[in-house]
Amino acid sequence: MTPTIQIIFASLSGRNQAIAMHLQAHLAAYAQTVVTEISQADAFSVPQADAVILVSYTYHDGELPDEALDFYDDLAAVDLQGTHFAVCGSSSTQHAHYGRAVDRLAQRLTAQHGVAVAPVLKIDGDPNEADRQRLDALATQVLTTLDLGN
């Protein structure tokens, strides 16, 4: 059976939407992918997918994006037991709290019993070729985990 992977993104500049689309392109041959902007995503539907990849930027002083707040709050009421996840996003190393939002999202998913399948991946600014290779490796790790049934 073909696995289902939700890719949920928050993007202000378009970087993280591009990251989400890159992940979808990598995964589409192996999984059914659903890409959703985070303000339109339903946290309660996350456990219905075989895996979820969250892609977010970090706003202002290390905060979650405004459009991600409802999703983040709703996740606190969702049992993600057995739900595989990965979290990534673009940020800037010039900020004191580089990528803190992706860390917070990963912590929330873990607190709700989600299963991390890859380390949090932070990208400084626009993704370069090395970053795209790291994104491909993250996507492959998600697929490998699902294939192994872990």
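- Residues satisfying the side chain to side chain donor-acceptor pair (under 3.5 Å) test with E67, not counting sequence neighbours, are Y57.
- In this structure T83 satisfies the side-chain contact (heavy atoms from CB on, under 4.5 Å) test together with V46, P47, V52, L80, sequence neighbours excluded.
- Taking CZ of F71 as the reference point, atom CZ of R108 lies at 10.5 Å (rounded to 0.5 Å).
- The two atoms that bring L105 and S56 nearest to each other are CD1-CB, 3.6 Å, heavy atoms only.
- I123 approaches Y98 most closely through the heavy-atom pair C-OH, 3.4 Å.
- Scanning all heavy atoms of the two residues, the minimum distance from D74 to A43 falls at CB-CB, 3.6 Å.
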N/O donor-acceptor pairs under 3.5 Å from side chains in residues 27-34, not counting sequence neighbours:
residue : atom : partner : partner atom : Å
T33     : OG1  : Q24     : NE2          : 3.2

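- By the neighbour-count criterion of 12 heavy atoms within 6.0 Å, atom CD of Q94 is sparsely surrounded, having that number or fewer from other residues, nucleotides or ligands.
- Across Y59 and L64, no two heavy atoms sit closer than the pair CB-O, 4.0 Å.
- For the pair R134 and L121, the tightest heavy-atom approach, listed with the atom from each and the gap, is O-CD1, 3.4 Å.
- Among residues two or more places apart in sequence or in another chain, the side-chain contact (heavy atoms from CB on, under 4.5 Å) test is passed with A68 by I38, P65.
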query: Is there a side chain to side chain donor-acceptor pair (under 3.5 Å) between T140 and H26 once you walk through the steps?
result: CA-CA 8 Å; T140 298; H26 187 84; 3.1 Å; yes
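- The backbone N or O of A101 lies less than 3.5 Å from a partner atom in the side chain of T58, making a donor-acceptor pair.
- Between C88 and the options V55, V102, L54, N16, a side-chain contact (heavy atoms from CB on, under 4.5 Å) holds for only V55.
- A single hydrophobic cluster is not seen to contain both L138 and V87; linkage of ILVMFWY side chains at heavy-atom distances under 4.5 Å, directly or through other members, places them apart.
- Each side chain to side chain donor-acceptor pair (under 3.5 Å) pair with one or both residues in residues 115-127, not counting sequence neighbours, appears once here: R15-D126, T93-D124, D103-K122.
- For Q112 (side chain) and G114 (main-chain N/O), no donor-acceptor pair under 3.5 Å exists by modelled atom type.
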- request: Could you go through the side chain to side chain contact (heavy atoms under 4.5 Å, CB included) check for Q6 and T36 one step at a time?
  value: CA-CA 8 Å; Q6 286 188 8; T36 309; over 6 Å; no
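- Remark: R100 pairs with no residue by the salt bridge (Lys or Arg N to Asp or Glu O under 4.0 Å) rule, at least two apart or across chains.
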